[in-house]
Visitor: 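Below you'll find the structure I mean.
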There are 2 protein chains.
Amino acid sequence: MAKDKSPEAEPKRRRLPSAERRQEFILKAIDFFAEEGFESSTRGLAKKLGVTQPLLYRYFPSKEDLISEVYDAVYVKRWQPEWGDLLADRSRPLSDRLNEFYNVYTDVIFNREWMRIFLFSGLKGVDINRRYLRLVRSRILEPIVAEARHEAGLPPAEATDAQVEFVWTMHGGIFYYGVRKLIYESNVSDDQDTVIATAIEALLAVLPGKLANDT
Amino acid sequence: MAKDKSPEAEPKRRRLPSAERRQEFILKAIDFFAEEGFESSTRGLAKKLGVTQPLLYRYFPSKEDLISEVYDAVYVKRWQPEWGDLLADRSRPLSDRLNEFYNVYTDVIFNREWMRIFLFSGLKGVDINRRYLRLVRSRILEPIVAEARHEAGLPPAEATDAQVEFVWTMHGGIFYYGVRKLIYESNVSDDQDTVIATAIEALLAVLPGKLANDT
DNA sequence: GAAATAAGTTGTCAGTTGATAAATAAGCGC
DNA sequence: GCGCTTATTTATCAACTGACAACTTATTTC
């Protein structure tokens, strides 16, 4: 109902420059596939986009190619390299750094689309998912072990599998809080800061002892 | 090529009594849908069963009805009421009980089919999923808080949301270990007992303090 | 303002989907 | 061995799927 140039009221075919439209497709495809799953039809997506279905094939050779772009936009583009710097800032207590990190990290991943895309693609068995987990391990969990060693006055050493696994438990506990909230839509505590803080507290209560033991 | 009674070699139509076949369908449907997702075709399932697709409709009015039976077989039938007794056995230290409980509990849920069915149905937004989480809360997590209170010499009291949330973090950490192992098929530590034991250790290191504080 | 470019649509195809109806045949009771 | 019951198959439907070719038209260029 937004009238602009009075007479020709409805411009039936709203054209967009190629790059712009492509971007629009990817962004809305994230929402669409997150909600309906990757098995949902390209016609359903086209309807949501307000265009016809064959138009999608002008921008992406196949449905799978479009889905790959979705993965890229969600996993790769939203990853912030500065997270590593944050964790490594030894001017602050590790506990502070961890709390801040998990606050900013969950700002990125604790939303319905991210979570659902992640679970859907995980069930599909796509490789990018395993790559993401390796990234988490090398850029987040192993650094956490290293920082904990430093704070405990231990010499640097490569993190053992068991140590990383323990940090995974805390990380997974926080992640699963997001799953319960955003996927299962359960009644979760709305005090997310406290949930994160307590998980970190439990980690730091036990981790130093583990590190000292097996070196 | 397995010859048995020489001449009639291949009995084209192998009939089964109704109840038996129905059960067979449900069991194989669990594997099938766990692997391929609930959007997979009834023809695919029939092929796996070695029968024709319309036969499924003699046993289940619709695909959704069959899927409901799958949920029932996985979530409801595999739940063991004695888990509650195990957690409540005050003749043993809570730490022991928790370790034993998570060992037997993960015996049930740490397998590819259970995990995948759970995630698939969660993404579908079916209500049985939320019901399952409520069961976990009332039969596992709240009892854990109650037992921890008792062991800390505190008077009985209803568990607060924040307390349950903290136990959820440990529970979710263990659960997510299973997800990484069975869904993402990552390189996880194969020492599952230690993973569980350490998660419990971290919980018990912090939980008593939390309980004392807010009563 | 005509011609060229490219954004968008119409039409369609071959394969797949859940589901039903009707035909077939295995195994039981007698 | 006959007839009945019912487990199972064959045949089929209408709707939907990813993908492609050909047509239309908005926008740019000169």
Visitor: OP1 or OP2 of D:dT17 versus the side-chain N and O atoms of A:Ser41: is any pair under 4.0 Å?
Guide: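 So the side-chain polar atoms of A:Ser41 do come within 4.0 Å of the phosphate oxygens OP1 or OP2 of D:dT17, strictly under.
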Visitor: Taking CG from A:Leu55 and C1' from D:dT25, how many angstroms apart are they, rounded to a whole number?
Guide: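 About 14 Å, once rounded to whole Å.
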Visitor: To the nearest angstrom, how far is A:Arg22 atom CZ from C:dG8 atom P?
Guide: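 The answer, rounded to whole Å, is 14 Å.
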Visitor: Starting at CD of A:Glu39 and ending at C1' of D:dG18, how long is that distance when rounded to a whole Å?
Guide: 13 Å
Visitor: Could I get the full list of salt bridge (charged side-chain N to carboxylate O under 4.0 Å, His left out) partners for B:Glu113, not counting sequence neighbours?
Guide: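 Testing B:Glu113 for salt bridge (charged side-chain N to carboxylate O under 4.0 Å, His left out), a comparison that skips the adjacent residues, returns none.
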Visitor: I'd like a list of close polar pairs between nucleotides 19-21 of chain D and the protein, N/O only, cut-off under 3.5 Å.
Guide:
| from | atom 1 | to | atom 2 | distance (Å) |
| --- | --- | --- | --- | --- |
| D:dA19 | OP2 | A:Tyr57 | OH | 2.5 |
| D:dA19 | OP2 | A:Lys63 | N | 2.9 |
| D:dA19 | N7 | A:Gln53 | NE2 | 3.0 |
| D:dA19 | N6 | A:Arg43 | NH2 | 3.1 |
| D:dA19 | N6 | A:Gln53 | OE1 | 3.1 |

Visitor: Below 30° counts as parallel, above 60° as perpendicular, anything between as tilted: where do the rings of A:Trp79 and A:Tyr132 land?
Guide: perpendicular
Visitor: How many whole angstroms separate atom CZ of B:Arg58 from atom C1' of C:dA26?
Guide: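 After rounding, the gap between these two atoms is 13 Å.
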Visitor: Rounded to the nearest Å, what distance is computed from the CD atom of residue B:Gln23 to the C1' atom of nucleotide D:dA7?
Guide: 18 Å
Visitor: Nearest whole angstrom, please: distance from the P of C:dT16 to the CD of B:Glu36.
Guide: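 Interatomic distance, CD of B:Glu36 to P of C:dT16: 15 Å.
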Visitor: Would you say the side chain of B:Thr194 lies within less than 4.5 Å of the side chain of A:Phe166, judging by non-hydrogen atoms?
Guide: no
Visitor: Please list all pairs meeting side chain to side chain donor-acceptor pair (under 3.5 Å) that have one or both residues in residues 134-146 of chain A, counting only residues at least two apart or in different chains.
Guide: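 Sorted result for residues 134-146 of chain A: A:Arg137-A:Glu142, A:Arg137-A:Asp161.
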Visitor: Tell me which residues in residues 44-52 of chain B put a heavy atom below 4.0 Å from DNA chain D, sorted by number, or none.
Guide: B:Val51, B:Thr52
Visitor: Between D:dT10 atom P and B:Leu56 atom CG, what is the distance in whole Å?
Guide: 14 Å
Visitor: Assess whether ring pair (Phe, Tyr, Trp, His ring centres under 6.0 Å) is satisfied between A:Phe118 and A:Tyr75, documenting all intermediate values.
Guide: CA-CA 8 Å; A:Phe118 189 76; A:Tyr75 297 145; 5.8 Å; yes
Visitor: Can you pull out every salt bridge (charged side-chain N to carboxylate O under 4.0 Å, His left out) where at least one residue sits in residues 42-68 of chain B? Sequence neighbours excluded, please.
Guide: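 Every pair satisfying salt bridge (charged side-chain N to carboxylate O under 4.0 Å, His left out) with a residue in residues 42-68 of chain B: B:Glu64-B:Lys124.
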Visitor: Test of understanding: with ring pair (Phe, Tyr, Trp, His ring centres under 6.0 Å), list the residues that count as partners of B:Phe38, not counting sequence neighbours.
Guide: B:Phe33, B:Tyr71
Visitor: How about B:Asn187: does its CG atom have over 12 heavy atoms from other parts shown lying under 6.0 Å from it?
Guide: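 No, because the 6.0 Å sphere around CG of B:Asn187 holds 12 heavy atoms or fewer from other groups.
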Visitor: Tell me the interatomic distance from A:Phe60, atom CZ, to D:dG18, atom C1', rounded to whole angstroms.
Guide: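 That distance rounds to 15 Å.
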Visitor: Suppose we call two aromatic rings close when their centres sit under 6.0 Å apart. Are A:His171 and B:Tyr177 close by that rule?
Guide: no
Visitor: Base, sugar-phosphate or nothing for B:Tyr59? Non-hydrogen atoms, less than 4.0 Å.
Guide: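 B:Tyr59: backbone/sugar contact only, no base atoms under 4.0 Å.
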